[in-house]
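To start, the structure under review is shown below, and the notes come after it.
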Number of protein chains: 2
Amino acid sequence: MPLPQSLRMTRQRRLILDELRRLKTHPTADEIFQVVKRRMPRISLATIYRNLDILSQAGVIQKLETAGLQRRFDGDISQHPHVRCVKCGRVDDMTGDARPPRIERMPRAEGYAIHGYRLEFLGTCPQCGKGGGNIQ
Amino acid sequence: MPLPQSLRMTRQRRLILDELRRLKTHPTADEIFQVVKRRMPRISLATIYRNLDILSQAGVIQKLETAGLQRRFDGDISQHPHVRCVKCGRVDDMTGDARPPRIERMPRAEGYAIHGYRLEFLGTCPQCGKGGGNIQ
DNA sequence: TTAGTTGCAAACATTTTGCCGAACG
DNA sequence: CGTTCGGCAAAATGTTTGCAACTAA
């Protein structure tokens, strides 16, 4: 479904965008839903999905291409590396030197035109590190 | 669900493993199902899922952590880079120098213990490269 | 005024689970 | 012969869609 000719800033869209930008947790659609619902109780999950889709297509937010069955979103559209906790699935920003790694000796694939790559760090988050971690 | 004390090599498991190793396409569970069904028509999709899960837990196959809603599997358990076609979702092996990139200046994340990273190349596959490519 | 948007419910797609009879070792 | 496994159907999970009413511009 292509973007419409003009985008309206509805109360719902504004709120979704504000909350996504406020959260630093790279939330899933449902996590955004739970937060937004506190301020707008009758909002529907479908509205969340539709707006996340429209906003990411418009380049206002990022749909993260992190591994896993659930999609996560980021209000920060700058390209920066993420860590994913292998135990609970939580995603955080990497801090410090955010420079991407230099890839020497680019591998090839027969017939493919390579455009780029996606890098995701794996680790154990603070919560899961101590206490053994609950697999979510 | 933990692995049982002993694993049996049933006809179903054998067939799933053989077909997965034969295919070089990093198939989804359903794609394996379609292929296996030709030789064992009464097999169930649940059996495919259960066996793919058990075999990957046992380290016999790989559950790929590629982006996207659908999981893909690889009968080759060596760590090697993959390309994903951004147009059709197909996944192929990278050939040539398969050495992982050297990451200088490892970024950090507060409180995380970083174990490693996941690298996935993006590109356009031979089919999608010519003809504009059909979004699947 | 009208194209774009919402809430709701229902549909969809993928993966998981409970049950019980079958079969591997 | 005990444990593991398979087939089936149903459930669970995450996402998308059709539609009539509503609303921002």
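Residue numbers begin at 1 in each chain, while the letters A, B, ... track the order of the sequences.
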Using atom CZ of B/Arg11 as one end and atom C1' of D/dT4 as the other, report the distance to the nearest whole Å.
16 Å
Do B/Asp93 and B/Lys24 have side chains that get closer than 4.5 Å, going by heavy atoms?
no
Is B/His26 close to B/Thr66 at the side-chain level, that is, under 4.5 Å between some pair of heavy atoms?
no
Starting at CE of A/Met40 and ending at C1' of C/dC8, how long is that distance when rounded to a whole Å?
16 Å
Between B/Tyr112 and A/Arg90, is any pair of side-chain heavy atoms under 4.5 Å apart?
yes
Please report, rounded to the nearest Å, how far the P atom of D/dT23 is from the CZ atom of A/Arg42.
12 Å
Rounded to whole Å, how long is the line connecting atom CZ of B/Arg14 with atom C1' of C/dA23?
17 Å
Using the 3.5 Å cut-off, write out each protein N or O paired with an N or O of nucleotides 1-5 of chain C and the distance between them.
from	atom 1	to	atom 2	distance (Å)
C/dA3	N3	A/Arg8	NH2	2.2
C/dG4	OP1	A/Gln5	N	2.9
C/dG4	O4'	A/Arg8	NH2	3.4
C/dG4	N2	A/Arg8	NH1	3.4
C/dG4	N3	A/Arg8	NH1	3.0
C/dT5	OP1	A/Arg8	N	3.2
C/dT5	OP1	A/Arg13	NH1	2.5
C/dT5	OP1	A/Arg13	NH2	3.1

Are side-chain heavy atoms of A/Ile54 and A/Leu3 found at a separation under 4.5 Å?
yes
To the nearest angstrom, the CZ-C1' distance between B/Phe33 and D/dG7 comes to 11 Å
Just by distance, no angles: are the side chains of B/Asp30 and B/Thr28 close enough, under 3.5 Å, to form a donor-acceptor pair?
no
Taken to the nearest whole Å, CD1/B/Ile48 to P/D/dC8 is 12 Å
Are the side chains of B/Ile61 and B/Arg21 in touch, meaning some heavy atoms are under 4.5 Å apart?
no
With side chains defined as the heavy atoms from C-beta onward, is the minimum distance between B/Asp92 and B/His82 less than 4.5 Å?
no
Tabulate atom names and distances for all N/O pairs under 3.5 angstrom spanning the protein and nucleotides 14-18 of chain C.
from	atom 1	to	atom 2	distance (Å)
C/dT14	OP1	B/Gln70	OE1	3.4
C/dT14	OP1	B/Gln70	NE2	3.4
C/dT15	OP1	B/Arg71	N	2.8
C/dT15	OP2	B/Tyr49	OH	2.2
C/dT15	O5'	B/Tyr49	OH	3.1
C/dG18	O6	B/Arg50	NH1	3.2

4.5 Å side-chain heavy-atom contact, B/Thr47 and B/Phe33
no
Without decimals, in angstroms, what is the distance between B/Leu55 CG and D/dG6 C1'?
14 Å
